[in-house]
Amino acid sequence: MKNTNFPLQSLSKGNWFKLICGASYQHLPAIRSLALAYSLAGADCIDVAADKAVISAAQQGMVVAARIANNNQEQGIWPNYQKPLLMISLNDDEDPHFRKAEFDAEQCPADCPRPCETICPAQAINKQGVIDSFCYGCGRCLPICPHNLISTRSYVSTPESIPTLVQEMGIEAIEIHTQADHFEQFQRLWQVIKPLTQNLQVLAISCPDSPQVITYLRSLSKLLQNLPCPLIWQTDGRSMSGDIGSGTTHATVKFAQKVIAADLPGYIQLAGGTNDYTVTKLDAE
């Protein structure tokens, strides 16, 4: 277990780490268990879908973790336990993190080897189709279907529902997923989120790499001036790919170096391709 600090102290010390449950992942028992385990492991933040049931499941796991920690403090276990921040992910327009795979299983030929089942990291595909709550939109099943039967269903965060969700559910942090050509869409979403930042402890901006990304992030930096809470730039190197292999970490490290060189105000967090090789790679760099 890492040395526990208040989450914002972890940012300043450079040992902040976050559990990313998935912006569209809705498997409630798994989310509850993950929130419990990662809370006890010293996670500074737990990032979940902006869905009431998902948020409640994460909160339930965090409550159990706090109870376990408090009951074991006398034995010297978790002596400085701190509850992680609870973060929700939002998008300003269509984004791979905010989609679900779907197909009509009745159209699948009886002799199909069903490579989609094998490749799905969330075990979200069976003979009946896609288990919607398990799917987190990675898209690995799309190109592998031999009959091109799989499509995706995307959704965009509804700005009008965000203030009520944040206030009623006790949300402490928000992450906005955006892309380099989304400035107008970001502005529209930001008009809703900006008043909420007075009650947030962290705001994160997640963006994939592109040739125009630094220009775009600089434009966002100007828009986000005078934030009342810390700002994190999340460098999404290869979205939802960290379980594929150690090589996926190269993209996010390269992207982080690019953002560091831009000298933007705020912190930088790696994501998209991060795995157990990422820290080793960072140390080597």
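Note that these values count all heavy atoms, side chains included, but never hydrogens, waters or copies made by symmetry. What you see is a predicted model, and the numbers here were worked out from it, not measured in a lab.
- Using a 4.5 Å cut-off on side-chain heavy atoms (C-beta onward), Val202 and Leu11 make contact.
- Here NZ of Lys127 is found 14.5 Å from CD of Glu106. Values are rounded to the nearest 0.5 Å.
- Leu264 is listed as a side-chain neighbour of Arg218, based on a closest heavy-atom distance under 4.5 Å.
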inquiry  = Assess the residue pair His177 and Glu175 against the criterion (side chain to side chain donor-acceptor pair (under 3.5 Å)); give the C-alpha distance rounded to whole Å, side-chain angles, the decisive distance to 0.1 Å, and a yes or no.
reply    = CA-CA 6 Å; His177 287 257; Glu175 178 169 288; 2.9 Å; yes

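- Atom OH of Tyr38 has 12 or fewer heavy atoms from other residues, nucleotides or ligands within 6.0 Å.
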request  = List the steps, then state whether side chain to side chain donor-acceptor pair (under 3.5 Å) holds for Gln59 with Lys83.
outcome  = CA-CA 10 Å; Gln59 289 172 328; Lys83 183 184 78 68; over 6 Å; no

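- Counted within 6.0 Å of CD on Glu94, heavy atoms from surrounding residues, nucleotides or ligands total 12 or fewer; the atom is thus considered open.
- Not one N or O on the side chain of Thr274 forms a donor-acceptor pair closer than 3.5 Å with the backbone of Leu270.
- Each of Thr278, Asp276, Thr280 was evaluated against Thr249; a single residue qualifies, Thr278, per the side chain to side chain donor-acceptor pair (under 3.5 Å) test.
- Listed by first then second residue, pairs satisfying ring pair (Phe, Tyr, Trp, His ring centres under 6.0 Å) with a partner in residues 144-170 read Phe98-Tyr155, not counting sequence neighbours.
- A salt bridge does not link Asp44 with Lys18: every distance from a Lys NZ or Arg NE/NH1/NH2 to an Asp or Glu carboxylate oxygen is 4.0 Å or more.
- Judged by distance alone, with hydrogens and angles left aside, the side-chain atoms of Asn275 form a donor-acceptor pair with the main-chain N or O of Gly245 at under 3.5 Å.
- For the ring pair (Phe, Tyr, Trp, His ring centres under 6.0 Å) condition, no pair includes a residue of residues 194-228, sequence neighbours left out.
- The side chain to side chain donor-acceptor pair (under 3.5 Å) contacts involving residues 185-204 comprise Asp93-Gln185, where partners must be two or more places apart or lie in separate chains.
- Surrounding CD of Gln123 are at most 12 heavy atoms belonging to other residues, nucleotides or ligands under 6.0 Å away.
- When atom types are taken as modelled, the side chain of Ser239 and the backbone of Gly272 share no donor-acceptor pair closer than 3.5 angstrom.
- Remark: Arg238 does not engage Asp209 in a salt bridge, criterion side-chain N to carboxylate O under 4.0 Å.
- Taking 4.0 Å as the cut-off between side-chain N and carboxylate O, Lys52 and Glu168 count as a salt-bridged pair.
- For the residue pair Trp233/Gln269, the side-chain donor-acceptor check at 3.5 Å is not satisfied.
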inquiry  = Could you walk me through whether Ser133 and Gln26 satisfy the side chain to side chain donor-acceptor pair (under 3.5 Å) test, starting with their C-alpha distance in whole Å, then the side-chain angles of each, then the deciding distance to 0.1 Å, before giving a yes or no?
reply    = CA-CA 5 Å; Ser133 62; Gln26 297 167 307; over 6 Å; no

